[in-house]
Structures are given as structure tokens and as C-alpha cells.
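This report refers to the structure that appears directly beneath it.
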Amino acid sequence: MAITFYKYQGTGNDFVMVDNRKHNFPTDDEALVKQLCDRRTGVGADGLILLQDHPDYDFEMVYYNADGRVGSMCGNGARCAVRFARQLGVIEDVACFLAADGEHQASVERDLIQLKMHDVKSVEQIGQDYYLNTGSPHYVRFVENVQELDVYKEGRAIRYNDRFAAVGTNVNFVERISEDEIFVRTYERGVEDETLSCGTGVTAAALVAGLQGFKSPVKVKTLGGELEVAFEQTGDGFKYIFLIGPAKQVFSGSVPLPQIQQI
Ligand SMILES: N[C@@H](CCC[C@H](N)C(=O)O)C(=O)O
């Protein structure tokens, strides 16, 4: 049988979405997810997201990285999942859903999805750089001329260093553009390459900018578009963190997958 899939993107971070309320997509088939995300032999995406029923939430999002492994929280993917849920009629303009790191609230306002992220209790400083978890682990380094940087090379050097090699980390390179704006480029774990944007990475970079005196909301440019991050600073951390930006459907199609049945 064939499954219908939908392709979504949020500031250029792209995802294959499956309405798994209607299928029994095999949740542990790494090879299948990897194949669907392959940009030459599959649909092509930075990750795959299953939208599922959940007894206590509007829906559950199950997120996989392009390498086929179950991922941690994905900020752009979550904004796409909210748009997908809206288009499927699962929600109207507000959502309370479950992701890898727990419950999230979100709202839809025209083109924009506003996603509430979990509080960040602390930020570790490593030399001049920072390490924090915004649902996924992120290393943040401020640089000059981020557009000139070899993000693949520099990102891999940090992602595979002794401290991070086992669990991995995403790596964000950040340039100050003005008093209220930064430019972020991210090497993504699980894609193992630079992506056009990473929502949890943008959030991490904006919070570190907050530590350096930026006021909320911080405007963030990425290679794939613009996002905004609002937050309230607490003693050592942050609360009321919101990631705001567009998310849209690009196309839909079907793939023959005999191992999957319609429910
Ligand atoms: N693109 C995502 C982040 C995805 C998580 C990452 N690949 C990891 O494994 O930590 C986002 O938008 O947040």
C-alpha cells in the first residue's frame, strides 16, 4: 500500500509529515525513516514527524532526525506539526501537544506559529562559548562574519570533540547584526550537516544573546528566513520562552510502502 505524506518547512528546516492517526507507521524502522529523508533516493528532508492521537493532548508529535533516529525536541518541526494539525482539522488556533521533551502550547496567527518552549534553568559557559538545552542540546559560539564561516567543518569539530562525541550536540554560530538582531547558522546533529535553520538552536542563540544584554524579543536571521524569540530572564536561566515564525506546507504525495497498513 502507499502512504500519503506531506512536506512542510519552517524557515527552510524541512520535514516529511505523516498523519499517523491513519497508518501504523513502524516507529522503530530507522532505515525507512532515513530512506524517506534521503534527498536523492527519497522524499528528502531534515527529519520526519509522525502526528499521532494522544488521550491527554490535542496530538503527539514523534520526531526523527534524517539519520533515522528518534530525535529530541525540534522547534521548527513542532511549528510545522502545529500547522499540519491545523490543516488536518485536529486543532483550531491553539494547541496543547506532546513532544519528546513533554507538553507544549502553541498558537496560530495567520502565517506565524508561536510555540512555547520549556524553561531553561541554566546555561553553562565553556571558555567564551555556551552550552544549554532548549529541548535539544546546543553549543553556541559568537563569531564575526558568520556568512564566511565553514559551518560544516567548524561544527563537526565541536560536535565530535571528546566532550560531545557520545551523545552529540548541535552547534550554532552567531553574529550580532544590531542591538536587537542576530544571524544564526547551525550544524545539526542527526542531519550531520548545516541546515537552513534550527528552531531550538535559534532559541539557544537568542537566550545567550539575552545573557549578553539583548532585550526580549530577539530577532533572528537564518539562511532560511526570520524568526523571533521572546523570553523572560530569571536568576540563572529563562522562562516564558516563545519561538515565533512561519511554517508552511510545500507539497504532498504518496510513497509505496507495503509494510504499512491503513488503519
Ligand atoms: N531542527 C531542529 C532541531 C532538531 C534536533 C537536532 N537535530 C538534535 O538531534 O538535537 C529544531 O528546529 O529545533
Side-chain angles (χ1 to χ4, degrees), residues 7-17 30 33-34 36-37 39 44-50 61-84 97 99-102 104 106 112-118 120 130-140 151-152 155-156 158-160 163-174 182 184-208 218 220-229 231 241-248 250:
K7 178 76 185 288
Y8 274 71
Q9 64 94 7
T11 50
N13 209 188
D14 60 341
F15 306 94
V16 173
M17 317 285 289
E30 276 188 28
V33 175
K34 191 172 176 185
L36 286 169
C37 292
R39 294 196 185 273
D46 295 326
L48 179 139
I49 293 173
L50 304 178
M61 95 178 229
V62 182
Y63 166 69
Y64 299 85
N65 278 313
D67 65 4
R69 300 199 188 153
V70 175
S72 37
M73 174 58 175
C74 177
N76 286 329
R79 294 186 308 95
C80 289
V82 170
R83 175 72 74 200
F84 186 37
F97 66 98
D101 62 342
H104 286 268
L112 299 180
I113 311 289
Q114 174 163 300
L115 172 70
K116 185 161 189 301
M117 309 295 282
H118 288 188
V120 170
Y130 299 84
Y131 182 62
L132 63 161
N133 195 308
T134 51
S136 285
H138 284 279
Y139 193 93
V140 177
V151 168
Y152 180 78
R156 279 178 88 77
I158 295 169
R159 187 258 187 259
Y160 287 106
R163 161 88 192 260
F164 299 113
V167 180
T169 184
N170 302 281
V171 185
N172 304 275
F173 298 97
V174 187
I182 55 178
V184 181
R185 292 178 64 191
T186 306
Y187 177 93
E188 249 194 76
R189 173 183 76 165
V191 179
E192 303 310 340
D193 205 344
E194 181 177 15
T195 55
L196 293 182
S197 167
C198 174
T200 49
V202 157
T203 304
L207 297 183
V208 171
V218 175
V220 186
K221 278 193 161 62
T222 69
L223 294 175
E226 291 174 20
L227 290 155
E228 204 167 275
V229 180
F231 53 84
I241 304 167
F242 291 91
L243 173 67
I244 305 149
K248 55 180 166 195
V250 186

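Remember, it's 1-based here, ligands and their atoms both numbered in the order they're listed. Residues take their numbers from the sequence shown, with the count starting at 1.
- Interface atoms of ligand 1 facing Thr200, defined by a heavy-atom separation under 4.0 Å, are 3 (C), 11 (C), 12 (O), 13 (O).
- Ionic pairing of Asp46 and Arg39 is present here: one or more N-O contacts between side-chain nitrogen and carboxylate oxygen are shorter than 4.0 angstrom.
- Of the candidates Tyr63, Tyr187, Phe15, it is Tyr63 that places a heavy atom closest to atom 4 (C) of ligand 1.
- Between Arg189 and Ser72, the side chains place a donor N or O and an acceptor N or O closer than 3.5 Å (distance only, hydrogens not considered).
- Contact atoms of ligand 1 toward Asn65: 6 (C), 7 (N), 8 (C), 9 (O) (distance under 4.0 Å to a heavy atom of the residue).
- The shell of residues lying under 4.0 angstrom from ligand 1, judged by heavy atoms, includes Met73.
- There is no side-chain donor-acceptor pair under 3.5 Å between Tyr131 and Asn133.
- The shortest distance between side-chain heavy atoms of Pro137 and Phe164 does not fall below 4.5 Å.
- In this structure, Gly190 has no heavy atom closer than 4.0 Å to ligand 1.
- His138 places none of its side-chain heavy atoms less than 4.5 Å from the side chain of Thr203.
- Under the 4.0 angstrom criterion for non-hydrogen atoms, Ser72 is in contact with ligand 1.
- Within the structure, ligand 1 lacks Val191 among the residues with a heavy atom less than 4.0 angstrom away.
- Looking at heavy atoms from C-beta onward, Arg79 lies in side-chain contact with Leu227 at the 4.5 angstrom threshold.
- When only interatomic distances are considered, the shortest N/O to N/O separation between Ser197 and ligand 1 does not fall below 3.5 Å.
- The shortest N or O to N or O distance between Gly199 and ligand 1 is below 3.5 Å.
- Looking only at side-chain heavy atoms (C-beta outward), Thr200 and Met117 come within less than 4.5 Å of each other.
- Every atom of ligand 1 with a heavy atom of Ser136 under 4.0 Å away is listed here by number and element: 5 (C), 10 (O).
- The shortest side-chain heavy-atom distance between Lys7 and Asp14 falls under the 4.5 Å cut-off.
- Applying the 4.0 Å criterion to heavy atoms of Asn13 picks out, from ligand 1, the atoms 1 (N), 2 (C), 11 (C), 12 (O).
- Heavy-atom proximity to Asn76, at under 4.0 Å, picks out these atoms of ligand 1: 11 (C), 12 (O).
- Taking 4.5 Å as the limit, some side-chain heavy atom of Phe173 sits within range of a side-chain heavy atom of Ile158.
- Each of the following atoms of ligand 1 lies closer than 4.0 Å to a heavy atom of Asn170: 6 (C), 7 (N), 8 (C), 10 (O).
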